[in-house]
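Here is the structure we will look at, set down as structure tokens.
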Amino acid sequence: MSVYSMTGYANATADAAAPPQNTSGAAQQHSTAPSGAAASVAVELRSVNGRFLDLNLRLPDELRALEPALRERLTAAFRRGKIELRINIRGEAEAALPAVQPDQLNHLLHLDETVRGWMPQAAALSVHEILQWCKK
């Protein structure tokens, strides 16, 4: 199929349930989704007219190994233009808010006070940063 316009946008999302748990003791396959949880993959492709081919891939760390193959396929499909490919993976466990424990918050508050004692110009922690810390 010939492409006549270099400006375009496409996106697709696929949801998949995690494979069933293997209780027989046999080796399990590796999955990026948490066991027993569903996963979602979102792919977005944008193109803008350009004289040369300029590929920009934004991939999660789990998919970095696919970058050479993706570049090869995009190079075969497009001759020119600025092409941006984004892929996002989201597991059900990532969508849930972490259970914040008081001892975690007390420890984080102590660390924050210690750092700000040494470096008064340091910025206060945001709610997002606190929730990321509590996920660990």
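Atom set for the values below is all heavy atoms of this structure, side chains included, hydrogens, waters and symmetry mates excluded. Not measured: the values here are computed from a predicted model.
- For Leu108, the side chain to side chain contact (heavy atoms under 4.5 Å, CB included) partners at least two apart in sequence or on another chain are Leu125, Ile130, Trp133.
- Considering all non-hydrogen atoms of both residues, Leu53 and Phe78 come closest at CD2-O, 3.7 Å.
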Inset, instruction - Please report the C-alpha distance between Val41 and Ile87 in whole Å, then the side-chain angles of each, then the deciding distance to 0.1 Å, and finally whether the side chain to side chain contact (heavy atoms under 4.5 Å, CB included) criterion is met. - result: CA-CA 7 Å; Val41 177; Ile87 300 177; 4.1 Å; yes
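- For Asp61, the side chain to side chain contact (heavy atoms under 4.5 Å, CB included) partners at least two apart in sequence or on another chain are Arg64.
- Criterion: ILVMFWY side-chain heavy atoms under 4.5 Å apart, direct or through other members. Under it, Leu111 and Leu109 are not part of a common hydrophobic cluster.
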When the side chains of residues 113-124 are checked against the rest of the protein, which donor-acceptor pairs come out under 3.5 Å, sequence neighbours left out?
residue : atom : partner : partner atom : Å
Thr114  : OG1  : His110  : O            : 2.8
Arg116  : NE   : Asp112  : OD2          : 3.3

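- Contacts of Asn56 classified as side-chain hydrogen bond (donor to acceptor under 3.5 Å, both in side chains), with partners at least two apart in sequence or in another chain: none.
- Side-chain heavy atoms closer than 4.5 Å link hydrophobic residues (I, L, V, M, F, W, Y) into clusters, and following such links, possibly through other members, connects Val127 to Leu105.
- Judged purely by atom type and a 3.5 angstrom limit, Ser40 has no side-chain atom pairing as donor or acceptor with the backbone of Arg90.
- Identified under the salt bridge (charged side-chain N to carboxylate O under 4.0 Å, His left out) test for residues 39-58, with sequence neighbours left out: Glu44-Arg46, Arg58-Glu84.
- Annotation: side chain to side chain contact (heavy atoms under 4.5 Å, CB included) contacts of Leu66 (sequence neighbours excluded): Leu63, Leu70.
- Phe52 pairs by the side chain to side chain contact (heavy atoms under 4.5 Å, CB included) definition with nothing, not counting sequence neighbours.
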